[in-house]
**Student:** 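Got a structure for you, written out below as structure tokens; questions coming shortly.
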Amino acid sequence: MPRQDSAAMAGSLTRHSSPNQGYSSNNVVPVPVITQTDSRDKWSKKMDFLLSVIGFAVDLGNVWRFPYICYQNGGGAFLIPYILMAIFGGVPLFYMELALGQFHRTGAISIWKHICPIFKGIGYAICIIALYVSFYYNTIIAWALFYFYSSFSSILPWTNCDNVWNTPDCTNYFGMDNVTWTNSSRSPAEEFYTRNVLEIHKSSGLRNVGGVRWQLMLCLFLIFTIVYFSLWKGVKTSGKVVWVTATLPYIVLFILLIRGATLPGAWRGVVFYLKPQWEKLLETSVWVDAAAQIFFSLGPGFGVLLALSSYNPFTNNCYRDAIVTSLVNCLTSFVSGFVIFTVLGYMAEMRKVEVEDVAKDKGPSLLFITYPEAIANMMGSTFFAIMFFVMMITLGLDSTFGGLEAIITAVLDEYPDHFSHRRELFVLGLVVVCFLGSLSTLTNGGAYVVKLLEEFGVGCSIIAVGFLEAIAVSWFYGIKRFSSDVQAMLGKAPGLFWKVCWVAISPAFLAYIIVSSLLKAPPLTLFDYKYPDWSITVGYIIGFSSFMWIPIYMVYKLVWTPGSLKQRLAVCLRPERTIPDIHADSLNMATVPQETKHLNV
């Protein structure tokens with residue numbers, strides 16, 4: 001919450017309707033409402049907020065992960081579990097976080113004293129996970145920036161095998177007749193990525209990752225410089241930057257979609273992408289992948305939605321925002337599939353192989369090998385390469401803005417006396433920490449570190465955090481109280497569907513992902529490198545290092561709270577305050593819904 005010493009007294013409120021959980025039905029006692037002053041930033045425009053949320057939710061994963069997951073799990077048939085998981089799991093959690101942030105108007109750490117104090121460790125876990133994400137995610141953007149710089153050439157450097165980094169295995173089949181493609185063959189694009197961008201051949205694995213690539217370090221420095229000057233002044237600056245970074249990817253996607261649709265063989269890719277395999281719906285793994293995809297795509301549990309919505313006016317329609325941004329996110333993923341698979345169909349036509357043989361790459365390989373290879377052999381290749389990597393950079397920057405803003409808002413709201421007037425210095429320190437934490441991913445074997453952090457630094461940890469968040473809000477804070485909060489903001493209580501999802505379906509949705517992920521953990525590999533057992537142990541330690549703050553804080557809270565065990569539990573589970581902090585600008589009693597005008601305490 002904001003600083004209490006800068007709060008303004010705004011009168012007393014009472015409720016005449018039936019009491020909710022946490023409110024007494026005794027005689028009305030006037031209670032001063034502490035309201036937030038202008039010290040807290042506000043979005044300049046509603047679109048600043050919407051574009052920021054869309055920019056965070058629509059990231060590189062929409063372009064590389066959804067198309068692969070879709071064709072791997074039954075093509076068009078996959079859309080059925082995907083839509084169901086979105087309706088009953090992803091969107092309700094997305095709506096919950098927007099409502100929580102807007103009502104309590106604070107970040108991911110301090111919000112818990114208003115919900116259920118014993119769960120405050122969730123806020124610290126979220127911040128640590130966001131740090132881990134920044135350690136590897138911005139390196140991927142740095143790779144894209146390296147490609148962007150390399151694209152300013154009449155002949156793209158990954159077009160042929162005549163470069164110093166190429167090996168005898170390099171095989172260029174575009175425009176060539178009688179070319180034999182073997183298991184040892186490597187395309188020019190693959191060797192450019194592995195031997196020039198990453199120089200991964202100079203590393204033998206995680207035991208010897210090699211030295212730092214100065215070119216990538218310079219790219220990362222430029223990325224973090226952009227990030228710093230976008231975030232240092234708060235949402236007033238980042239809200240302006242997203243007008244470019246959140247809209248430009250859609251312009252580029254449209255251009256690439258039109259170009260892809262005109263390529264020979266494009267229809268083969270589209271058929272492969274959407275051809276239904278109905279028997280896949282009987283496989284449990286398909287439903288697990290659908291649930292995981294929608295969760296990571298929408299991004300509840302990362303603290304970003306809490307942070308961004310906390311700068312909204314109290315009466316903003318967060319319900320409509322949740323529906324609109326979720327639809328935009330899901331449709332972007334679907335359209336991205338056409339952008340990717342029209343090109344994969346073209347490559348299959350050129351190679352004279354099946355689309356399945358071309359589409360075996362997933363993750364960053366799809367964006368840094370497969371798609372650039374296809375672009376290099378198009379007419380106007382330089383233009384389309386520049387456009388493609390501009391799209392990747394802007395998609396990544398938006399998500400970085402959101403992730404770091406979650407940390408900034410959480411820490412500044414929890415420790416206002418130390419940082420509230422030193423935001424620029426705190427953001428600078430945070431960016432420096434993120435840059436230094438990323439250095440291991442800039443080495444010759446940095447791609448191995450990126451994969452390890454991606455799998456274990458986020459993975460099950462963030463899903464477990466999301467699960468506990470849903471349980472804490474729905475079961476401990478109480479669905480009646482939370483529904484009353486939503487009604488106070490919107491003038492209308494959530495319907496039965498949302499309440500059932502919040503209480504039962506969404507937590508079950510997350511528990512299902514956690515259990516399934518732990519039971520079916522495939523071996524971790526990258527290129528031809530199989531991660532050794534000790535590295536998997538390190539990965540689990542990384543994952544636990546964020547989640548462990550939840551039980552640690554629970555024990556700390558119980559030990560240091562005075563009284564008997566029963567009294568301690570009562571204090572630790574009871575919110576410190578339940579009255580909403582309405583922004584001073586919004587404290588017009590004629591416009592605040594009637595439900596907020598009177599509260600029994």
Side-chain angles (χ1 to χ4, degrees), residues 50 53-54 56-99 250 253 257 269-302 305 318-341 359 362 462-463 466-467 470 494-517:
L50 288 177
V53 174
I54 291 171
F56 161 70
V58 178
D59 66 349
L60 295 173
N62 292 72
V63 178
W64 84 46
R65 193 169 190 272
F66 177 83
Y68 174 82
I69 292 292
C70 186
Y71 90 74
Q72 190 75 7
N73 289 285
F78 176 76
L79 297 178
I80 295 175
Y82 179 76
I83 292 172
L84 289 176
M85 289 296 181
I87 292 173
F88 292 102
V91 178
L93 292 170
F94 192 88
Y95 178 20
M96 173 186 280
E97 278 216 359
L98 288 183
Y250 288 95
L253 270 178
L257 178 63
V270 173
V271 170
F272 184 79
Y273 174 42
L274 293 180
K275 183 180 179 181
Q277 302 175 44
W278 302 110
E279 67 278 3
K280 287 278 190 178
L281 296 179
L282 301 177
E283 298 179 13
T284 305
S285 61
V286 172
W287 294 83
V288 174
D289 285 345
Q293 173 60 27
I294 195 65
F295 178 82
F296 285 110
S297 181
L298 291 177
F302 285 87
L305 303 177
C318 56
Y319 168 73
R320 182 177 58 199
D321 294 344
I323 299 300
V324 169
T325 51
S326 298
L327 281 174
V328 170
N329 180 278
C330 295
L331 287 174
T332 303
S333 297
F334 184 63
V335 172
S336 296
F338 288 96
V339 173
I340 295 296
F341 276 92
K362 62 177 179 177
I462 195 64
I463 302 174
F467 171 75
L496 179 63
F497 167 78
W498 298 106
K499 294 178 183 179
V500 171
C501 286
W502 289 330
V503 170
I505 299 178
S506 295
F509 157 86
L510 294 173
Y512 178 60
I513 303 176
I514 295 170
V515 173
S516 301
S517 300

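Nothing fancy with the numbering, it's 1 onward along the sequence. Values below: every heavy atom of this structure, side chains too, minus hydrogens, waters and symmetry copies.
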**Student:** Please round to the nearest 0.5 Å and tell me the distance separating atom CZ of F509 and atom SG of C501.
**Tutor:**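 The distance works out to 10.5 Å.
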**Student:** Just wondering, do Y250 and V335 contact through their side chains at under 4.5 Å, heavy atoms?
**Tutor:**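 Not touching, per the 4.5 Å side-chain cut-off.
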**Student:** Please round to the nearest 0.5 Å and tell me the distance separating atom CG of L50 and atom CZ of R320.
**Tutor:**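 Going from the CG atom of L50 to the CZ atom of R320 covers 8.5 Å.
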**Student:** Any side-chain heavy atom of T325 sitting closer than 4.5 Å to one from F56?
**Tutor:**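 A side-chain contact is absent here, since even the closest heavy-atom pair is not under 4.5 Å.
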**Student:** Stepwise, does the side-chain contact (heavy atoms from CB on, under 4.5 Å) test hold for F295 with I462?
**Tutor:** CA-CA 10 Å; F295 178 82; I462 195 64; 4.0 Å; yes
**Student:** Can you tell if the side chain of F66 reaches within under 4.5 Å of the side chain of F296, non-hydrogen atoms only?
**Tutor:**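 They are not in side-chain contact.
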**Student:** Quick one: pull up CG in L93 and CG in L298 and give me the separation to the nearest 0.5 Å.
**Tutor:**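 Answer rounded to 0.5 Å: 9.0 Å.
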**Student:** Can you tell me how far CD1 of I505 sits from CG of L510, rounded to the nearest 0.5 angstrom?
**Tutor:**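 L510 atom CG to I505 atom CD1 measures 12.5 Å (nearest 0.5 Å).
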**Student:** Mind listing the closest non-hydrogen atom pair of F302 and E97 along with its distance?
**Tutor:**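 What the structure gives for the nearest pair is N-OE2, 4.3 Å.
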**Student:** Rounded to the nearest 0.5 Å, what's the gap from CD1 on I83 to CZ on F78? Could you check?
**Tutor:**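 Result: 10.0 Å between the selected atoms.
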**Student:** With a 3.5 Å distance limit and no angle check, can you tell me whether W287 reaches the backbone of L281 through a side-chain donor-acceptor pair?
**Tutor:**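 Side chain of W287 to backbone of L281: a pair is present.
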**Student:** With under 30° as parallel and over 60° as perpendicular, where do the rings of W502 and Y95 fit, or are they tilted in between?
**Tutor:**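 Geometry flag for Y95 against W502: tilted rings.
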**Student:** Closest approach of G90 and I294, non-hydrogen atoms and distance?
**Tutor:**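 Reported closest heavy-atom pair: CA-CG1, 4.4 Å.
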**Student:** Please work out whether the ring planes of Y319 and W498 are parallel, tilted or perpendicular, with thresholds of 30° and 60°.
**Tutor:**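 It falls in the perpendicular class, over 60°.
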**Student:** Do F341 and L274 touch side chain to side chain, with heavy atoms closer than 4.5 Å?
**Tutor:**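 A side-chain contact under 4.5 Å is absent here.
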**Student:** Give the minimum heavy-atom separation between V286 and K280, together with the two atoms involved.
**Tutor:**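 Reported closest heavy-atom pair: CG2-O, 3.2 Å.
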**Student:** Using 0.5 Å steps for rounding, measure from the CG atom of L305 to the SG atom of C318.
**Tutor:**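 Result: 11.5 Å between the selected atoms.
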**Student:** I'd like to know if the side chain of S506 reaches the main chain of F88, judged simply by a donor and an acceptor atom lying under 3.5 Å from each other, with no hydrogens or angles considered.
**Tutor:**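 A pair under 3.5 Å: yes.
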**Student:** Do I340 and Y273 have side chains that get closer than 4.5 Å, going by heavy atoms?
**Tutor:**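 Not touching, per the 4.5 Å side-chain cut-off.
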**Student:** With distance as the sole criterion, is a donor-acceptor pair present between the side chains of S336 and N62 under 3.5 Å?
**Tutor:**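 Note: S336 and N62 side chains miss the donor-acceptor criterion.
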**Student:** Keeping Q277 on the side-chain end and A77 on the backbone end, is there a donor-acceptor pair under 3.5 Å?
**Tutor:**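 Side chain of Q277 to backbone of A77, a donor-acceptor pair under 3.5 Å: no, none is there.
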**Student:** Does P276 reach the side chain of L79, with side-chain heavy atoms less than 4.5 Å apart?
**Tutor:**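 When only atoms from C-beta onward are counted, L79 and P276 do not touch, as no gap falls below 4.5 Å.
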**Student:** Please determine whether side-chain contact (heavy atoms from CB on, under 4.5 Å) holds for the pair C330 and Y82, giving the CA-CA distance in whole Å, both sets of side-chain angles, and the decisive distance to 0.1 Å.
**Tutor:** CA-CA 9 Å; C330 295; Y82 179 76; 3.6 Å; yes
**Student:** Any side-chain heavy-atom pair from V63 and V339 closer than 4.5 angstrom?
**Tutor:**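 V63 vs V339: side chains apart.
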